[in-house]
Amino acid sequence: MSEPRTLRIDIWSDVMCPWCLVGWGSLQKGLAQLEGEIEADIRWHAFELNPDMPPEGEESTAHIARKYGSTPDQSKAVQGRMREAAQNAGVSLDYQGEDPEPPRWMWNTFDAHKLLTWAGEAHGPEKQTELKLALFEAHFNRRRQIGDHAVLLDVADSVGLDRAAAEAALASEEWAHKVRAEERAAWDFNITGVPAMIVENKFMIPGAQPPEAYADALRRVAQKTAA
């Protein structure tokens with residue numbers, strides 16, 4: 001048998017984005033359908049859904065009502081659909097803390113992206129993915145304040161990253177510039193919403209797709225780019 005084909009997949013996403021977590025889960029299921037045929041080299045890139053979000057954040061229902069004009073009932077219905085999509089994708093958006101469930105909040109994610117960009121360049125894509133998933137869990141399942149440096153450092157520490165090095169990355173303008181460059185690259189690819197996956201630096205898969213759609217798209221890319 002021939003060796004599996006490795007495809008590079010660059011994913012633009014935001015830690016605040018529930019559909020990004022759903023897309024990740026569906027992608028993993030799609031890749032499982034391609035076991036022995038296609039493997040993925042995954043890199044994460046910065047996209048801020050709310051770049052103007054103040055440091056104190058905003059309660060989620062109030063934020064959605066202000067941004068989209070949704071009523072509380074409409075927001076509740078959307079959250080129900082997202083939870084169902086998450087379950088189908090093998091991931092969870094549900095609170096899993098021990099304390100009574102707190103309100104959902106939206107936070108500024110620029111510093112989270114700095115940490116992710118640093119982790120990817122300094123420690124490689126596998127560690128970056130581990131950090132990304134830990135940030136998803138901290139936000140969706142633990143309702144932690146992702147914009148707070150202490151929380152970000154706790155999450156970095158939880159996946160085995162050096163806390164002092166992570167703190168230095170958060171304080172560095174170099175990583176801020178690199179996050180801005182990744183955000184500009186999203187515009188170069190005409191990415192206006194997330195998740196958005198660019199395969200082999202050329203083919204886009206937009207939005208959170210069913211596993212079969214990811215499998216079919218990756219198989220087509222592999223065929224088109226075969227040597």
Side-chain angles (χ1 to χ4, degrees), residues 11-25 28 42 44-67 75-76 78-80 82-83 85-87 89-120 122-123 126-172 175-176 179 182-183 194-195 208:
I11 307 176
W12 271 263
S13 77
D14 195 0
V15 176
M16 295 290 106
C17 171
W19 293 112
C20 293
L21 180 56
V22 171
W24 164 259
Q28 295 311 296
I42 295 172
W44 298 89
H45 302 283
F47 189 101
E48 293 177 89
L49 288 173
N50 301 289
D52 298 325
M53 181 66 68
E56 63 270 19
E58 186 176 15
E59 193 275 326
S60 180
T61 302
H63 170 77
I64 292 171
R66 178 181 61 80
K67 188 172 182 179
S75 295
K76 186 175 181 180
V78 170
Q79 290 173 4
M82 288 191 300
R83 282 196 298 272
Q87 290 172 356
V91 296
S92 175
L93 298 170
D94 296 331
Y95 177 66
Q96 298 171 6
E98 297 178 358
D99 299 326
E101 182 174 356
R104 297 173 183 269
W105 278 71
M106 305 293 288
W107 307 105
N108 186 293
T109 56
F110 185 77
D111 286 340
H113 287 304
K114 286 175 69 175
L115 205 59
L116 283 161
T117 303
W118 162 74
H123 298 281
E126 290 186 5
K127 182 59 70 173
Q128 185 191 40
T129 292
E130 190 177 353
L131 176 61
K132 182 76 172 188
L133 297 180
L135 288 167
F136 276 142
E137 180 185 12
H139 175 60
F140 292 112
N141 307 130
R142 304 298 174 185
R143 304 285 172 81
R144 302 193 70 185
Q145 186 175 343
I146 292 301
D148 182 81
H149 278 201
V151 172
L152 291 173
L153 293 174
D154 284 347
V155 176
D157 187 56
S158 75
V159 298
L161 292 168
D162 181 78
R163 193 181 185 94
E167 188 172 18
L170 288 174
S172 169
W175 297 109
V179 169
E182 290 192 347
E183 292 176 333
V194 288

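Position 1 is the first residue of the sequence, and the numbers go up from there.
Listed by chain and number, the residues in a side chain to side chain contact (heavy atoms under 4.5 Å, CB included) with Glu167 are Leu153 (sequence neighbours excluded). Qualifying ring-ring contact (aromatic ring centres under 6.0 Å, His included) partners for Trp19, counting only residues two or more places apart in sequence or in other chains: none. Every ring-ring contact (aromatic ring centres under 6.0 Å, His included) that Trp12 has, sequence neighbours left out, goes to His45, Phe189. Judged as a side-chain hydrogen bond (donor to acceptor under 3.5 Å, both in side chains), and not counting sequence neighbours, the contacts of Glu101 are Arg143. Applying the side-chain hydrogen bond (donor to acceptor under 3.5 Å, both in side chains) test to Asp154 and every residue at least two apart in sequence or in another chain returns Arg144, Arg163. Every residue two or more places apart in sequence or in another chain that forms a side-chain hydrogen bond (donor to acceptor under 3.5 Å, both in side chains) with Trp44 is listed here: Thr129. Applying the side-chain hydrogen bond (donor to acceptor under 3.5 Å, both in side chains) criterion to His113, with sequence neighbours excluded, gives Asp14. Residues satisfying the side chain to side chain contact (heavy atoms under 4.5 Å, CB included) criterion with His63, sequence neighbours excluded, are Asn50, Met53, Glu58, Arg66, Lys67, Met106. Judged as a salt bridge (Lys or Arg N to Asp or Glu O under 4.0 Å), and not counting sequence neighbours, the contacts of Glu130 are Lys127. In terms of the side chain to side chain contact (heavy atoms under 4.5 Å, CB included) criterion, residue partners of Trp175 (sequence neighbours excluded) are, by chain and number, Lys114, Thr117, Trp118, Glu121, Ala169, Ser172, Lys178. Annotation: side chain to side chain contact (heavy atoms under 4.5 Å, CB included) contacts of Ala119 (sequence neighbours excluded): Leu131, Leu161.
Note: Ser60 OG to Gln79 CD = 6.0 Å, rounded to the nearest 0.5 Å. Here CE of Met16 is found 12.0 Å from CG of Leu21. Values are rounded to the nearest 0.5 Å. How far CG of Leu115 is from CG of Leu135: 7.0 Å, rounded to the nearest 0.5 Å. For the atom pair CG (Asp111) and NE2 (His149), the distance works out to 3.5 Å, reported to the nearest 0.5 Å. For the atom pair OG (Ser75) and CZ (Arg104), the distance works out to 11.0 Å, reported to the nearest 0.5 Å.
Heavy-atom neighbours of Glu126 CD from other residues, nucleotides or ligands within 6.0 Å: at or below the threshold of 12.
Residues Pro51 and Glu183 form no side-chain contact, since every pair of their non-hydrogen atoms from C-beta on lies 4.5 Å or further apart. Contact check for Val91 versus Phe140: no side-chain heavy atoms found under the 4.5 Å cut-off. Between Gln128 and Ile42 the shortest side-chain heavy-atom distance does not fall below 4.5 Å. Using a 4.5 Å heavy-atom threshold, the side chains of Phe47 and Pro195 count as separate.
At least one donor-acceptor pair closer than 3.5 Å links the side chain of Glu59 to the backbone N or O of Ala62. Without hydrogens or angle criteria, Asn141 side chain to Ser92 main chain gives a donor-acceptor distance under 3.5 Å.
Considering all non-hydrogen atoms of both residues, Ala208 and Val22 come closest at CB-CG1, 4.2 Å.
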